[in-house]
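These notes are about the structure you will find just below.
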Amino acid sequence: METLFSVLVGILFAGSIYLLLSRKLVRILLGIAILGNAVNLLIFTAGRLTRDVPPIIPLKSYLPVEATANPLPQALVLTAIVISFSFLAFFLVLGYRAYQELGTDDLLDMRVAEPKEHSEPPLGY
Amino acid sequence: MPLFGVEATFWALLGPFVAAALSPFLAKTLKHNAAWLLAVIPALAFLQFLSIVPGIAEGQTFKASLEWVPTFNVNFSIYLDGLSVLFALLISGIGTLITLYAGGYLKGHENLGQFLSYLFLFMGAMLGVVVADNVITLFVYWELTSITSFLLIGFDHLRRASRRSAVQALVVTGGGGLALMAGLILAGYQGGSFELSELLNSGDVLRESPYYTAIFILVVLGAFTKSAQFPFHFWLPNAMEAPTPVSAYLHSATMVKAGVYLLMRMHPVLGDTELWMTVLPIFGGITLLVGTILGIRQTDLKLVLAYTTVASLGLLVMLTGTSDPVAIQGAVIYLFAHSLFKGSLFMVVGTVDHESGTRDLNRVGGLFSLMPITGTAAVLSALSMAGLPPLVGFVAKEVLYDGTWHAVNGGLWTGFAVLGNAMMFALAATVAIKPFFGAKVKTPKVAHEGTVLLVAGSITLAVLGLAAGAFIASVGHQLLSPMTSAILGTPFDEELHLFPTYLSPALYLSLATIALGIIIFMYMDKLRVIVADALRTIGWGPDKGFDQVLEVIIRFATALTQTVQTGSMVTYMRATFTVIALVLFVPMILTGNWPKLQGIGSFYAYEWFIAAIAVIGVYAVLTARYRVTAIVLLGIQGFAVALIYLLFGAPDLAFTQFMVETLSVVILALVMTRLNLKPTDARSSRGKVFDISLSVLCGAGISMLLMSIIQLPFDPTLSEFFTQYSRTIAHGRNIVNVILVDFRGFDTIGEISVVMVTGLAVLALIRVRPKSNGNSNSEKNR
Amino acid sequence: MNTLIFRTVAPYLSALMMLFSVFVLLRGHNEPGGGFIGGLIAVSAFAIYGIACGVSAVRRAMKFHPMSIAASGLLLAVVSVLPSLFFSQPAMTSQWLALPFLGTVIDLSTPLFFDIGVYLVVVGAISSIALSLEERAD
């Protein structure tokens with residue numbers, strides 16, 4: 001059952017990596033968004049899949065009465081979703097501000113930190 | 001017995017650091033008078049060490065230890081014997097006087113508090129070096145002295161020369177420190193203990209160890225860089241950029257002797273071998289001659305003293321290197337005498353500079369009548385430096401000649417010593433006679449005697465030099481012989497006399513030294529020109545070499561960086577994912593562990609449907625023509641993933657994913673609609689083909705990795721633990737939530753902190769915006 | 001989008017969503033739900049309100065600066081680590097207190113407060129991001 005999902009995860013990864021390799025900020029952001037989903041699904045699948053039964057203990061019992069889904073990857077993924085979302089927001093704003101300051105969304109033109117013309121090394125004290 | 005017990009030494013070690021914390025506040029309220037109050041702390045430390053002296057003189061040693069990192073044999077332990085106590089006395093005693101002097105010298109300086117703070121930090125570090133028992137503790141303190149020395153040399157950091165000297169001192173001494181650490185750790189493993197006090201007993205083991213040469217070279221590198229031995233001597237004269245109290249304290253009386261201390265400390269372990277008795281005296285002797293010759297060249301009084309300090313350090317290393325008991329006794333007396341007279345002379349020069357406005361040899365003269373106390377201190381100290389009776393310097397010279405004369409290869413070392421001492425005699429005469437006697441010269445400022453704070457230190461040290469000469473027998477018994485015993489590792493106690501009791505070779509050598517010294521002094525001005533011309537002809541020295549080495553390193557680093565970091569983000573990303581693809585595939589190819597192809601199992605139609613939606617969603621994003629379309633399409637695969645969570649027993653995840661996808665689309669739309677962007681993908685078709693193959697390769701690799709993981713047997717230990725105890729212990733039925741808020745709550749704290757930080761970062765990015773063309777401005781101001 | 005109907009309905013919708021978010025938060029320990037989900041629902045409520053009535057209205061409705069809410073949430077979460085220390089247990093051991101209230105029993109516990117802290121952090125931080133982005137749109 002997990003094999004299908006392995007393929008799906010691979011497709012999500014391939015798509016997001018293709019976007020990340022782009023020169024355009026917008027496409028990279030989209031790539032980051034998809035990458036988050038791909039990683040989450042990877043963790044979720046690696047913890048094995050169980051249909052329908054959530055890891056919740058019935059009211060009258062102290063232990064689950066039937067086999068439930070694996071709670072551990074769910075706990076990991078839950079926080080990962082929220083964190084990847086807040087990071088997406090951060091990257092979004094970062095990209096937006098970079099666009100405002102530099103007037104371009106092309107990575108090849110964003111050269112403030114590493115300018116094109118090679119400068120003399122800092123030899124002074 | 002110690003005044004407050006050996007354990008009180010820990011307080012003496014802590015004291016300077018407390019003073020360092022207090023200094024800025026006291027200096028703010030009390031100005032320069034804070035020095036009086038602060039000097040109490042080193043004075044108390046001095047008393048504590050003094051109280052240990054009688055016990056040491058009887059041959060006792062003291063140890064105390066606090067656990068630090070016991071797993072790695074690192075203890076905060078101290079070891080007090082003759083060697084460490086004399087050093088500690090010099091550091092705390094001279095430290096007390098220097099504190100006062102600094103108060104007078106930097107009177108009215110706005111950063112006096114900061115200066116005193118650095119000075120106390122150094123004092124604490126230096127005390128730590130000499131009393132540390134554990135080699136790691138020793139190393140930590142050792143590096144701390146390098147760092148504080150850096151801060152003090154660069155105190156006047158607005159001047160380029162200061163910055164250069166500070167960096168130079170740090171690079172040389174810090175680099176040597178690293179060698180020292182390697183050497184000490186190697187010695188610790190070979191000797192079977194990281195405590196010096198125990199290591200001292202395993203000298204024979206170490207000397208026969210195959211690593212002896214390595215240990216020797218590493219330790220000696222540490223010592224030579226710190227004690228400014230040729231060819232590392234160049235940083236010390238440059239360090240004279242520091243305010244004079246620093247020169248007097250760090251760069252003559254204490255820190256530069258740390259290297260000598262180390263050699264003396266390691267003598268019972270590493271000494272008395274052919275290597276030791278060849279390398280040390282040769283380098284020490286060369287340093288002695290180079291230091292004095294370069295000293296003759298100088299006209300700046302402070303630089304004259306700096307070069308004679310280099311020479312004296314060379315002499316000390318040479319004497320330690322002979323491994324001859326008498327020569328080492330000579331080194332001990334000379335070290336003691338040198339700390340007194342050189343500390344005093346530096347303070348004298350500083351006072352002259354402070355009061356007359358210059359310290360150039362040719363612009364001062366006849367100051368004695370104007371500055372009688374300073375003049376007296378200068379004369380007394382210079383007599384000691386010249387090695388004339390009845391000062392302690394004379395005794396030192398007698399004993400060291402006696403030692404070298406009888407040592408192995410004694411003739412050569414004696415020759416070095418006589419030549420060096422003669423030049424030192426001439427330089428001492430220059431320093432004392434030129435500024436204070438002869439015709440009065442008009443100085444930039446009208447000179448007068450310095451304040452109490454300024455003169456107290458120099459005259460005290462000068463008088464101590466006289467007193468030590470007068471009471472040399474008891475000083476020798478109480479302080480000097482115990483130190484010699486510690487260096488030799490065997491008891492040594494020979495009575496010292498101020499005046500020679502018989503006509504020894506040493507006396508003739510002394511007379512020869514004086515005669516030669518007088519001749520050199522008479523031809524000083526001519527010699528200076530000759531040396532200057534010679535140096536100009538050579539035109540290159542280690543000082544210049546340092547700059548060249550640094551330049552080569554920086555140019556190499558820049559060239560390498562520019563080759564590796566092309567500045568193209570696309571290249572970086574491609575490189576990163578190429579590596580990822582390699583990491584995924586290479587192990588599978590090498591081991592042949594490909595995942596087995598299994599049937600994909602039975603699926604319901606709707607599950608196929610959802611998976612298909614996710615794939616279509618991704619494909620649609622990839623091919624979308626307009627960015628708004630792409631953003632809306634992004635939601636599709638997100639919701640598909642959420643449905644997967646819902647179908648496979650994760651309602652919590654599904655809800656969270658739904659909310660997040662909605663919010664993502666909203667904020668992406670908020671921002672993107674306001675950007676005037678061309679949606680076209682600007683890649684060339686060749687680039688596209690490469691990127692597509694790379695991403696497909698990575699995707700396939702991850703698929704196969706995941707399949708391999710799934711084909712491994714599943715280890716449910718953790719999940720079963722959480723399931724079992726969720727209700728019984730944590731009283732919660734939703735196991736996922738119980739894991740988040742109870743079992744793994746600390747992780748969750750970390751995660752919400754991350755969310756919090758991104759919130760702050762976004763706020764900062766949006767709020768803080770530079771004023772128009774602020775970028776170029778901040779660029780210029782750097 | 002900014003129609004009269006939307007503007008009229010939005011406040012009620014937001015209020016209901018807020019109520020729902022608290023419900024989801026509180027039942028989280030036993031049923032699907034919890035601080036993360038509840039917080040995100042609350043943020044959506046603010047977002048809807050903001051799209052309909054403007055950012056300043058949302059800021060007024062929130063009373064405090066969103067980051068202050070987030071910070072107090074973080075503080076609450078950290079503080080709820082401590083009570084177990086008073087009973088000589090390792091930090092974070094959950095403490096439970098059953099309070100009878102109007103004929104039923106309410107379980108108060110440190111994980112509950114921890115979860116409320118999570119809720120507040122998510123609400124504060126993410127609504128701060130969303131609001132500052134919307135603000136730029138005005």
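Below, read A as the first sequence line, B as the second, and so on, with proteins coming before strands; counting in each chain starts at 1.
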Carefully, step by step, assess B:Val570 and A:Leu21 under the rule side-chain contact (heavy atoms from CB on, under 4.5 Å).
CA-CA 6 Å; B:Val570 175; A:Leu21 287 169; over 6 Å; no
Yes or no on side-chain contact (heavy atoms from CB on, under 4.5 Å) for B:Tyr645 and A:Gln74, after CA distance, side-chain angles and deciding distance?
CA-CA 9 Å; B:Tyr645 292 145; A:Gln74 293 195 21; over 6 Å; no
Should A:Asn70 and B:Phe714 be marked as a side-chain contact (heavy atoms from CB on, under 4.5 Å) after you check the CA-CA gap, both sets of side-chain angles, and the distance that decides it?
CA-CA 11 Å; A:Asn70 188 353; B:Phe714 179 56; 3.2 Å; yes
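Counting all heavy atoms, side chain and backbone alike, B:Cys698 lies closest to B:Leu584 at O-CD1, 3.8 Å. When all heavy atoms of A:Gly15 and B:Val618 are compared, the closest pair comes out as CA-CG1, 3.9 Å.
In terms of heavy-atom pairs under 4.5 angstrom with chain A, the leader among B:Ala611, B:Gly699, B:Gly687 is B:Gly699. Interface summary for chain A: among B:Leu653, B:Ile580, B:Thr558, the most heavy-atom pairs under 4.5 angstrom belong to B:Leu653. Chain A forms the most heavy-atom pairs under 4.5 Å with one residue out of B:Asn734, B:Leu646, B:Leu705, and that residue is B:Asn734. When each of A:Ser61, A:Ala38, A:Ser16, A:Ser84 is checked for heavy-atom pairs under 4.5 Å with chain B, A:Ser61 comes out on top. In terms of heavy-atom pairs under 4.5 angstrom with chain B, the leader among A:Leu20, A:Ile11, A:Thr68 is A:Leu20. The most heavy-atom pairs under 4.5 Å with chain B, out of A:Leu88, A:Leu42, A:Ile28, come from A:Leu42. Taking chain B as the reference chain and counting heavy-atom pairs below 4.5 Å, the highest number among A:Leu30, A:Thr45, A:Leu76, A:Leu29 is found for A:Leu30. With chain A as the partner, the residue from B:Arg160, B:Gln637, B:Arg574 showing the most heavy-atom pairs under 4.5 Å is B:Gln637. Of all the listed residues (A:Ala80, A:Ala69, A:Pro73, A:Ala75), the one sharing the greatest number of non-hydrogen pairs under 4.5 Å with chain B is A:Ala75. In terms of non-hydrogen atom pairs under 4.5 Å with chain A, the most contact-rich of B:Met659, B:Glu751, B:Gln711 is B:Glu751. No other option in B:Thr561, B:Ile644, B:Thr571 has as many heavy-atom pairs under 4.5 Å with chain A as B:Ile644. Annotation: maximal heavy-atom pairing with chain B below 4.5 Å, among A:Leu19, A:Thr79, A:Leu41, occurs at A:Thr79.
Judged by distance alone, the side chains of B:Asn737 and B:Asp652 never bring a donor and an acceptor atom under 3.5 Å apart. Of the N and O atoms on the side chains of A:Asn37 and B:Gln657, at least one donor lies less than 3.5 Å from an acceptor on the other residue.
Looking at B:Ile667, both its backbone and its side chain come within 4.5 Å of chain A, counting heavy atoms on both sides. Heavy atoms of B:Val660 lying under 4.5 Å from chain A belong to its backbone as well as its side chain. Using a 4.5 Å cut-off between heavy atoms, B:Phe577 contacts chain A through its side chain alone, with no backbone atom that close. Only the side chain of B:Leu550 comes within less than 4.5 Å of a heavy atom in chain A; its backbone stays farther off. Within the 4.5 angstrom heavy-atom criterion, atoms from both the backbone and the side chain of B:Leu663 approach chain A. B:Gln565 touches chain A through backbone and side chain together, each having a heavy atom under 4.5 Å away. Heavy-atom distances place the side chain of B:Tyr572, and not its backbone, under 4.5 Å from chain A. Only the backbone of A:Val53 comes within less than 4.5 Å of a heavy atom of chain B; no side-chain atom from C-beta onward does.
Sorted by first and then second residue, the side chain to side chain donor-acceptor pair (under 3.5 Å) pairs involving residues 694-710 of chain B (not counting sequence neighbours) form an empty list.
For A:Phe44 and A:Phe5, the ring centers sit 6.0 Å or farther from each other.
Counting heavy-atom neighbours within 6.0 Å of B:Phe655 CZ, excluding the residue itself, gives a total of 12 or less.
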Side-chain atoms of residues 754-765 of chain B: list all donor-acceptor pairs with protein atoms under 3.5 Å, sequence neighbours left out, distances to 0.1 Å.
from	atom 1	to	atom 2	distance (Å)
B:Thr758	OG1	B:Val754	O	3.3
B:Thr758	OG1	B:Val755	O	2.7

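A salt bridge is defined here as a Lys NZ or Arg NE, NH1 or NH2 lying under 4.0 Å from an Asp or Glu carboxylate O, and A:Asp105 with A:Arg23 fails to meet this definition.
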